[in-house]
Amino acid sequence: QVQLVESGGGLVQAGDSLRLSCASSGRSISTYDMGWFRQAPGKEREFVAVINWSGGSTSYAESVKGRFTISRDNAKNTAYLQMSSLKPEDTAVYYCAAGAYGRSPANFGSWGQGTQVTVSS
């Protein structure tokens with residue numbers, strides 16, 4: 001497993017942008033597919049985006065397609081989630097995860113502690 005730490009969350013207004021980072025301490029992420037998930041209060045954890053190990057393949061939830069961009073820099077052992085045109089419904093704790101390409105949390109064996117994103121209207 002790999003140890004992951006998210007950063008970059010915060011309180012923003014609707015329409016603003018944020019970039020989340022997910023850094024690995026120690027073990028390289030270069031052999032893992034990386035995913036971002038989010039969980040709002042009272043709701044289940046939901047898929048946001050996934051990127052394969054090389055960065056050549058990505059997939060997004062319909063709710064964020066065209067607004068969010070997932071990327072990675074294996075040399076820096078870091079994955080990113082660029083979020084633009086944020087909406088109040090994007091408010092959640094965002095988690096990054098390392099594992100196998102897919103949309104299910106079950107595909108991922110390593111998780112970060114989460115970073116809060118709050119979007120005010």
Side-chain angles (χ1 to χ4, degrees):
Q1 291 190 343
V2 61
Q3 303 290 331
L4 302 172
V5 179
E6 302 96 336
S7 61
L11 172 63
V12 297
Q13 293 187 333
D16 285 350
S17 299
L18 272 178
R19 188 176 80 159
L20 305 183
S21 298
C22 172
S24 169
S25 57
R27 192 167 180 173
S28 171
I29 66 168
S30 62
T31 59
Y32 293 91
D33 302 324
M34 300 295 294
W36 285 95
F37 293 78
R38 66 187 182 186
Q39 188 166 18
K43 295 188 177 181
E44 292 189 353
R45 191 167 298 190
E46 66 172 356
F47 167 78
V48 175
V50 63
I51 188 168
N52 77 328
W53 67 273
S54 69
S57 182
T58 59
S59 181
Y60 296 90
E62 284 299 318
S63 59
V64 306
K65 195 175 291 184
R67 299 189 298 122
F68 291 11
T69 302
I70 189 171
S71 62
R72 66 190 299 158
D73 185 338
N74 287 340
K76 295 184 177 179
N77 244 1
T78 303
Y80 304 95
L81 185 69
Q82 178 68 48
M83 305 185 294
S84 302
S85 302
L86 282 162
K87 304 175 181 180
E89 51 263 44
D90 295 318
T91 295
V93 177
Y94 283 71
Y95 299 89
C96 71
Y101 197 87
R103 296 179 169 228
S104 170
N107 284 35
F108 298 87
S110 298
W111 292 82
Q113 83 290 348
T115 185
Q116 176 71 47
V117 173
T118 303
V119 184
S120 64
S121 57

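Sequence positions, counted from 1, serve as the residue numbers for this chain.
- Closest non-hydrogen pair, Ala79 versus Trp36, comes out as O-CZ2, 4.1 Å.
- Between Leu20 and Val117 there is a side-chain heavy-atom pair separated by less than 4.5 Å.
- Remark: the backbone N or O of Trp53 is paired with a side-chain donor or acceptor of Arg72 at under 3.5 angstrom.
- Under the 4.5 Å side-chain heavy-atom criterion for Ile, Leu, Val, Met, Phe, Trp and Tyr, Val50 and Tyr60 are members of distinct hydrophobic clusters.
- Note that the NZ atom of Lys76 and the OG atom of Ser21 stand 9.5 Å from one another [nearest 0.5 Å].
- The backbone N or O of Gln3 lies less than 3.5 Å from no partner atom in the side chain of Ser110, so there is not a single donor-acceptor pair.
- Taking all atoms of both residues into account, the shortest heavy-atom contact from Leu86 to Arg67 is CA-NH1, 3.9 Å.
- Between the Ser30 side chain and the Ser28 main chain, no donor and acceptor come within less than 3.5 Å of each other.
- Annotation: the span from Lys65 atom NZ to Thr58 atom OG1 amounts to 9.5 Å, rounded to 0.5 Å.
- The ring pair (Phe, Tyr, Trp, His ring centres under 6.0 Å) search around Trp111 returns Phe37, not counting sequence neighbours.
- Taken from OG in Ser71 to CD in Gln82, the straight-line distance is 8.0 Å, to the nearest 0.5 Å.
- Put simply, CE on Met34 and OG1 on Thr78 are 9.0 Å apart, with the number rounded to the nearest 0.5 Å.
- With hydrogens and angles ignored, the 3.5 Å screen pairs no side-chain donor or acceptor of Asn74 with any backbone N or O of Ser54.
- Hydrophobic clustering (ILVMFWY, side-chain heavy atoms < 4.5 Å, transitive): Ile70 and Val93 are in distinct clusters.
- Applying the 6.0 Å contact sphere to CD of Glu46 captures more than 12 heavy atoms from other residues, nucleotides or ligands.
- At least one donor-acceptor pair under 3.5 Å links the side chain of Asn52 to the backbone N or O of Gly55.
- Minimum interatomic distance between Arg103 and Ala61 (heavy atoms only, all atoms of both residues): NH1-CA, 4.2 Å.
- Each of Ile51 and Phe47 belongs to its own hydrophobic cluster when Ile, Leu, Val, Met, Phe, Trp and Tyr are linked at side-chain heavy-atom distances under 4.5 angstrom.
- Linking ILVMFWY side-chain heavy atoms closer than 4.5 Å, directly or via other members, places Ile29 and Leu81 in a single hydrophobic cluster.
- In this structure, Glu6 contributes its side chain and Cys96 its backbone to a donor-acceptor pair below 3.5 Å.
- Taking all atoms of both residues into account, the shortest heavy-atom contact from Arg38 to Asp90 is NH1-OD1, 2.9 Å.
- Nearest heavy-atom pair, Gly102 versus Asn107, reported as atom, atom and distance to 0.1 Å: CA-ND2, 3.4 Å.
- Formation of a donor-acceptor pair under 3.5 Å by the Gln116 side chain with backbone atoms of Gly9 is not found in this model.
- Leu4 and Phe108 fall into different hydrophobic clusters, where Ile, Leu, Val, Met, Phe, Trp and Tyr residues are linked whenever their side-chain heavy atoms come under 4.5 Å apart, directly or through other members.
- Pro88 and Ser121 make their closest contact through CG-CB, 3.8 Å (heavy atoms, listed as atom of the first residue, atom of the second, distance).
- Residue pairs satisfying the ring pair (Phe, Tyr, Trp, His ring centres under 6.0 Å) criterion with at least one member in residues 78-100, sequence neighbours excluded, are absent.
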